[in-house]
Amino acid sequence: MGRVAIYARYSSDQQRAASIEDQIRLCETWAAGQGHGIHQHYADHGTSGASLMRPGIQALLSDATAGRFDIVLTEAMDRLSRDQEDIAGVHKRLSFVGVRIITLSEGEVTNLHVGLKGTMNALFLQDLADKTRRGLRGRVEAGRSGGGNAYGYDVVRQVDDKGEADRGARRINSVEATIVRRIFEAYAAGQSHRAIVHALNDEGVPGPSGKGWGPSTVHGNRQRGTGILNNELYVGRLVWNRLRYVKDPTTGKRISRLNPAEEWVIQEVPELRIVDDALWERVKARQGTMRASKHARTGPGFWDRRRPKHLLSGLMSCGTCGGGVINFNKTRVGCATARNKGTCTNKTTMVRTTLEDIVFDGLEHHLMAPDLTELFCREYTAHITRLTAERGATRAAAEAELTKIDRDLDKLVDALLDGVPGARLKDRMEALEHRKEVLEESLRGQDLPAVSLHPRLADHYRENIHRLREMLREPHHRDEAAEILRGLIDKIVLTPVSAEDGKQTLSVSLEGSLAGILTMAMAGDGPPSIAAPTGASESVVKLVAGAGFEPATFRL
């Protein structure tokens with residue numbers, strides 16, 4: 001009898017949420033009939049089986065690795081995943097930790113099931129995608145929406161003569177259409193995206209998401225047809241298949257890519273026109289002028305433009321709204337949301353060089369204070385000791401089980417030599433050999449690397465930071481030193497506070513990347529560098545210097 005984890009999933013609005021309960025009930029009935037105990041239920045609601053980026057399945061895999069159950073029970077293999085690579089990976093990971101997969105449809109899942117069923121599920125997904133695209137294309141060619149809704153329009157819900165949902169109909173929303181025309185006219189008259197957005201947010205006009213407006217909502221991407229100013233539906237032209245979406249196999253996120261123009265489907269829908277041709281052309285003419293001006297300022301050199309222009313670019317955030325902090329001009333930085341949207345109250349700015357000096361001071365004198373470094377070394381050593389003890393106990397149990405398996409295999413060999421039919425012993429021998437492979441694999445790489453923390457860790461760190469600061473002053477070392485410095489910092493938070501004279505100033509909170517800081521501290525006498533420190537524990541995450549750089553705290 002084993003400990004069972006039940007997994008259930010339903011994927012779309014067309015399925016009932018009660019489907020989860022139905023799947024669990026059927027699995028519980030089966031488990032009870034087999035005499036198994038239920039460890040826990042895992043479920044994902046309304047999520048596709050084409051990706052493993054689901055909280056339920058991730059929790060199940062994590063608990064399986066921790067040895068909390070012996071069997072994963074589900075209605076069918078496609079509940080776990082419809083992706084061929086993912087289902088093979090799940091089966092491989094669970095087999096490695098000795099967990100079996102049993103489904104009500106297929107029984108116990110083997111490599112054969114994974115190969116055949118995985119292929120069938122992959123073909124199902126491709127066929128479903130093809131059918132969906134054919135249906136959407138037919139809808140677009142009939143002058144209906146191919147999916148989603150644009151600002152300025154309402155969805156029309158109606159049924160056809162057969163009583164079925166007639167999808168894709170839209171009508172103009174007069175209130176939102178007025179805002180669309182206002183945006184076009186303001187931009188054509190010379191207003192910037194930021195000025196338009198500020199005005200709308202100041203008046204409390206809800207954006208397309210029901211919240212505030214952002215500059216990208218207005219300007220979007222001209223080539224991709226995104227953003228208010230680039231939506232051709234506003235001039236009565238429905239464009240479909242301009243973009244296609246592919247799923248990143250690493251992250252599971254959908255990435256948009258531009259299709260060739262000859263693959264676009266364009267349909268005239270004059271009844272949905274909001275903006276006249278003259279106004280549209282004025283906007284396009286100004287966009288072209290702005291693009292040419294920007295190209296003249298920046299010139300060629302894509303990678304040069306991609307490199308952070310300033311030392312701390314991309315690392316700063318606002319302590320009031322959580323948004324990014326950007327360069328306002330050549331000398332000062334401030335909250336991007338306050339500048340671009342006008343919805344954040346943090347209007348205070350800071351001189352960039354002053355901020356850089358404060359950050360260096362925090363890195364050099366506060367993040368590795370001697371008393372806190374001593375505390376870290378003590379806690380880190382205790383943590384490694386605990387991990388070593390836990391892994392030692394696990395290793396001893398695994399080695400004992402391996403010894404027993406070897407004895408059992410010897411007995412089975414003796415039985416074969418004594419004339420017991422091999423057919424009676426074959427399954428038992430295969431099970432023992434498989435378990436032996438799992439245990440041997442789990443024992444490999446279990447030893448923690450020895451970590452030597454120098455007693456003068458803080459002093460080494462400060463010396464290397466000082467050398468890094470000197471490198472930044474040398475033109476031929478500046479890029480290298482800037483990259484090293486950015487590797488030491490996770491985040492810089494700027495929060496407005498009142499100074500003694502009553503004026504607003506910014507308090508700086510620095511959050512360091514401890515992996516990089518440890519490497520810097522353990523470096524020798526050569527030039528500083530950032531690389532993964534040998535033996536650095538993944539459970540040691542961050543180092544923080546608080547507002548005004550009060551004594552730093554370690555996060556373990």
Side-chain angles (χ1 to χ4, degrees), residues 2-31 34 36-129 245-255 438 441-442 538:
R3 297 165 299 165
V4 171
I6 294 176
Y7 179 78
R9 176 183 66 83
Y10 81 94
S11 59
S12 69
D13 295 335
Q14 279 69 48
Q15 293 175 282
R16 299 180 304 119
S19 171
I20 294 285
E21 285 70 32
D22 293 340
Q23 293 174 47
I24 290 174
R25 176 173 47 79
L26 291 172
C27 289
E28 285 179 333
T29 301
W30 183 92
Q34 300 295 317
H36 296 304
I38 306 297
H39 162 69
Q40 189 173 329
H41 301 152
Y42 300 84
D44 286 304
H45 299 257
T47 54
S48 168
S51 168
L52 285 182
M53 299 301 158
R54 295 172 263 144
I57 193 69
Q58 290 298 324
L60 181 142
L61 292 173
S62 176
D63 288 351
T65 303
R68 296 196 170 102
F69 47 80
D70 312 301
I71 298 171
V72 171
L73 179 62
T74 188
E75 184 181 43
M77 274 178 58
D78 60 12
R79 296 301 88 197
L80 292 172
S81 178
R82 287 189 183 276
D83 183 89
Q84 195 170 11
E85 181 182 7
D86 286 346
I87 191 63
V90 169
H91 183 260
K92 186 175 182 179
R93 289 172 64 179
L94 293 178
S95 296
F96 175 73
V97 294
V99 175
R100 299 154 59 203
I101 302 176
I102 298 178
T103 73
L104 301 184
S105 298
E106 294 91 5
E108 183 162 357
V109 174
T110 64
N111 287 328
L112 184 62
H113 288 100
V114 171
L116 293 177
K117 201 74 174 181
T119 301
M120 291 171 63
N121 285 331
L123 292 173
F124 168 81
L125 284 177
Q126 184 60 52
D127 185 53
L128 180 63
Y245 292 86
V246 294
K247 189 164 291 186
D248 187 325
T250 303
T251 65
K253 293 182 179 179
R254 293 205 317 156
I255 308 296
V438 169
E441 183 65 28
S442 68
E538 293 179 357

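Because the structure is predicted, anything quoted here is derived from the model rather than measured.
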side-chain contact (heavy atoms from CB on, under 4.5 Å) between Leu61 and Val90, intermediate numbers included: CA-CA 8 Å; Leu61 292 173; Val90 169; 4.2 Å; yes
Does a side-chain heavy-atom distance below 4.5 Å link [X] with [Y]?
{"X": "Asn111", "Y": "His91", "value": "yes"}
{"X": "Val72", "Y": "Val99", "value": "yes"}
{"X": "Glu108", "Y": "Ile101", "value": "no"}
{"X": "Asp22", "Y": "Arg25", "value": "yes"}
{"X": "Ser95", "Y": "Val438", "value": "no"}
{"X": "Phe96", "Y": "Thr65", "value": "no"}

What is the distance from atom [atom1] of [X] to atom [atom2] of [Y], rounded to the nearest 0.5 Å?
{"X": "Arg3", "Y": "Phe69", "atom1": "CZ", "atom2": "CZ", "result": "9.0 Å"}
{"X": "Ile38", "Y": "Ile71", "atom1": "CD1", "atom2": "CD1", "result": "9.5 Å"}
{"X": "His39", "Y": "Leu73", "atom1": "NE2", "atom2": "CG", "result": "13.5 Å"}
{"X": "Glu21", "Y": "Glu28", "atom1": "CD", "atom2": "CD", "result": "10.5 Å"}

Side-chain (Arg93) to main-chain (Ala88) donor-acceptor, under 3.5 angstrom: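 No: the side chain of Arg93 does not pair with the backbone of Ala88.
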Backbone N/O of Glu75 and side chain of Ser105: donor-acceptor pair under 3.5 Å: yes
Trace of the side-chain contact (heavy atoms from CB on, under 4.5 Å) decision for Met77 with Ile87: CA-CA 8 Å; Met77 274 178 58; Ile87 191 63; 3.7 Å; yes
Partners passing salt bridge (Lys or Arg N to Asp or Glu O under 4.0 Å) against Arg68 (at least two apart in sequence or in another chain):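 Scan of Arg68 (salt bridge (Lys or Arg N to Asp or Glu O under 4.0 Å), adjacent residues dropped) gives Asp63.
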Closest contact, heavy atoms only, [X] versus [Y]:
{"X": "Tyr42", "Y": "Ala5", "value": "CE1-CB, 3.7 Å"}
{"X": "Tyr7", "Y": "Arg54", "value": "OH-NH1, 2.6 Å"}
{"X": "Ala8", "Y": "Ile24", "value": "CB-CG1, 4.0 Å"}
{"X": "Ala64", "Y": "Val97", "value": "O-CG2, 3.8 Å"}
{"X": "Arg79", "Y": "Thr74", "value": "CB-OG1, 3.3 Å"}
{"X": "Gly2", "Y": "His36", "value": "N-ND1, 3.0 Å"}

Salt bridge Asp44-Arg9, side-chain N to carboxylate O under 4.0 Å: no
Results of side chain to side chain donor-acceptor pair (under 3.5 Å) for Thr103 - residues two or more places apart only: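 Applying side chain to side chain donor-acceptor pair (under 3.5 Å) to Thr103 gives Glu106.
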